[in-house]
Amino acid sequence: MGKRLTRKDIKKKDPITEFLQGLWNTGLENRKYIVIAVSVVLGAIVLYLAFTMLYLNSAANRAQALQKAMDVYGAKVDTTLKQKKDDTYPSAEAKFKDALAAFQKVSGEYGTSEEGLLASYYESVCLRELGRPAEAEPKLKQVVEEWGSSQMGQVARMALADVYRSQRKYGEAVQILDSLEKEAAPVFSAESIVFTRASYLEAQGKYQAALDLLKKAQEGIKERRKSDEKFASPYESAIARRIEILKAKLDSGAPATTQG
């Protein structure tokens with residue numbers, strides 16, 4: 001389910017911490033001149049160094065706390081077990097319950113720090129996996145507001161769209177897809193968004209509309225390949241399979257619904 005992140009991976013997906021680390025590195029590079037400039041104020045230097053040590057210790061604690069929660073999130077599941085053994089859980093539900101508690105602790109302690117926001121994001125994912133999307137929604141909204149249009153912000157918005165889908169709030173989910181399509185530096189490809197749109201239509205029983213949308217995407221991929229032989233979409237095979245499934249549903253007269 002979730003990829004286990006090393007501390008290096010967490011920092012790579014953590015733009016705010018990278019920004020702060022950049023400021024700190026700049027400070028270190030110029031520390032010699034700073035010390036010379038304020039050497040007569042020994043007390044201030046001591047205070048500065050003390051603050052620095054506290055900050056670095058706090059940052060390390062945040063990263064370690066988040067990593068521990070991620071270890072639970074990425075733990076193995078073995079349904080043959082009757083109870084948890086080492087780092088393996090007897091069910092996905094048991095794992096997500098423990099992961100939820102771990103992420104709640106991190107988000108509660110570290111608030112809107114980047115580690116705290118990442119914990120809130122994964123907390124909402126755990127809630128969704130546990131069938132509690134209504135509880136995940138406000139947490140994801142907070143994360144989306146904090147991250148904005150950043151790469152992680154776009155990921156959080158897609159997760160929020162899925163939470164809306166889980167609650168059959170298809171209108172709100174589609175609005176998020178619309179916004180993701182308009183991003184100047186999109187994280188999600190056009191094909192992935194089309195595939196997601198089609199899944200929403202299919203969930204509402206609108207099989208013909210979903211089929212038409214996927215066929216159009218399929219033709220678009222073929223057209224792009226005519227002008228660029230090296231073009232390849234990882235969604236091409238998934239789109240083709242979904243088209244066949246939708247055709248089978250329509251041929252079998254599967255009942256459509258009017259939800260949405």
Side-chain angles (χ1 to χ4, degrees), residues 1-26 51-52 54-75 95-167 169 172-173 175-177 179-180 182-188 192 196:
M1 176 64 67
K3 178 182 176 182
R4 177 172 177 171
L5 300 180
T6 63
R7 187 176 304 174
K8 181 179 180 182
D9 291 329
I10 293 173
K11 289 183 178 178
K12 188 181 296 182
K13 294 185 178 182
D14 186 349
I16 295 177
T17 298
E18 287 183 351
F19 173 70
L20 292 175
Q21 190 64 49
L23 291 179
W24 171 240
N25 288 336
T26 300
F51 173 79
T52 297
L54 287 172
Y55 169 77
L56 290 177
N57 183 61
S58 177
N61 288 341
R62 292 198 303 269
Q64 289 173 2
L66 181 60
Q67 182 60 61
K68 287 181 180 179
M70 291 301 302
D71 287 343
V72 179
Y73 182 80
K95 180 183 78 168
F96 284 121
K97 282 183 177 179
D98 276 6
L100 174 61
F103 285 124
Q104 285 175 333
K105 182 179 180 181
V106 177
S107 63
E109 290 182 359
Y110 300 115
T112 56
S113 68
E114 195 64 12
E115 291 84 357
L117 289 173
L118 278 167
S120 292
Y121 168 79
Y122 280 106
E123 183 182 344
S124 68
V125 172
C126 291
L127 287 168
R128 182 194 64 194
E129 293 295 331
L130 290 169
R132 297 157 61 182
E135 295 176 57
E137 182 180 331
K139 297 181 181 299
L140 271 177
K141 284 181 176 178
Q142 179 189 9
V143 174
V144 167
E145 183 177 353
E146 293 288 341
W147 279 341
S149 292
S150 67
Q151 290 185 330
M152 287 302 294
Q154 292 182 52
V155 172
R157 278 152 62 194
M158 183 62 87
L160 179 58
D162 191 57
V163 164
Y164 282 139
R165 176 202 58 77
S166 298
Q167 300 176 80
K169 297 180 179 180
E172 290 91 334
Q175 285 180 358
I176 290 180
L177 296 185
S179 71
L180 290 172
K182 297 174 183 176
E183 286 291 343
V187 170
F188 300 97
S192 69
T196 304

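The model shown is predicted, which means the values in this text are computed figures rather than measured ones.
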J.: May I ask you to test the Val163-Lys139 pair for a side-chain heavy-atom distance under 4.5 Å?
T.: no
J.: Out of Ser113, Ser124, Ser120, which one pairs with Ser107 under the side-chain contact (heavy atoms from CB on, under 4.5 Å) rule?
T.: Ser120
J.: Determine, for Glu145 against Lys141, whether the closest basic-nitrogen to carboxylate-oxygen distance falls under 4.0 angstrom.
T.: no
J.: Is any side-chain heavy atom of Lys105 closer than 4.5 Å to one of Tyr110?
T.: no
J.: Where do Ala136 and Arg128 come nearest, in terms of heavy atoms and distance?
T.: CB-N, 4.4 Å
J.: Any side-chain heavy atom of Met158 within less than 4.5 Å of one from Ile176?
T.: no
J.: What closest approach, in Å, do Val106 and Ala69 show between heavy atoms, and which atom pair accounts for it?
T.: CG2-CB, 4.5 Å
J.: Minimum heavy-atom separation for Glu115 and Ala63, please, with both atom names.
T.: CG-N, 4.1 Å
J.: Give me the atom names and distance for the closest heavy-atom approach of Tyr121 to Ala156.
T.: CE1-CA, 4.0 Å
J.: Taking atom CG of Leu66 and atom CG of Asp71, what is their separation to the nearest 0.5 Å?
T.: 9.5 Å
J.: Are any of the side-chain heavy atoms of Met152 and Leu118 separated by less than 4.5 Å?
T.: yes
J.: Decide, yes or no, whether a salt bridge links Asp162 with Arg165 under the criterion of side-chain N to carboxylate O below 4.0 Å.
T.: yes
J.: Any sub-3.5 Å donor-acceptor pair from Gln154's side-chain atoms to Ala185's backbone N or O?
T.: yes
J.: Does the side chain of Phe188 come within less than 4.5 Å of Leu177's, by heavy atoms?
T.: no
J.: In Å, rounded to the nearest 0.5 Å, how long is the span from SG of Cys126 to NZ of Lys95?
T.: 8.5 Å
J.: Say you draw a straight line from CG of Leu117 to CD of Gln142; how long is it, rounded to the nearest 0.5 Å?
T.: 6.5 Å
J.: For Phe103 and Tyr122, take the angle between the two ring planes, folded into 0 to 90°, and tell me which bin it lands in: parallel under 30, tilted 30 to 60, perpendicular over 60.
T.: parallel
J.: Examine the side chains of Arg157 and Ser179 and answer whether a donor and an acceptor come within less than 3.5 Å of each other.
T.: yes
J.: Between Thr112 and Glu146, what is the shortest heavy-atom contact and its length?
T.: CG2-OE2, 4.0 Å
J.: Would you say CD of Glu172 has more than 12 non-hydrogen atoms from neighbouring residues, nucleotides or ligands within 6.0 angstrom?
T.: yes
J.: Which value, rounded to the nearest 0.5 Å, describes the distance between Tyr73 atom OH and Glu129 atom CD?
T.: 6.5 Å
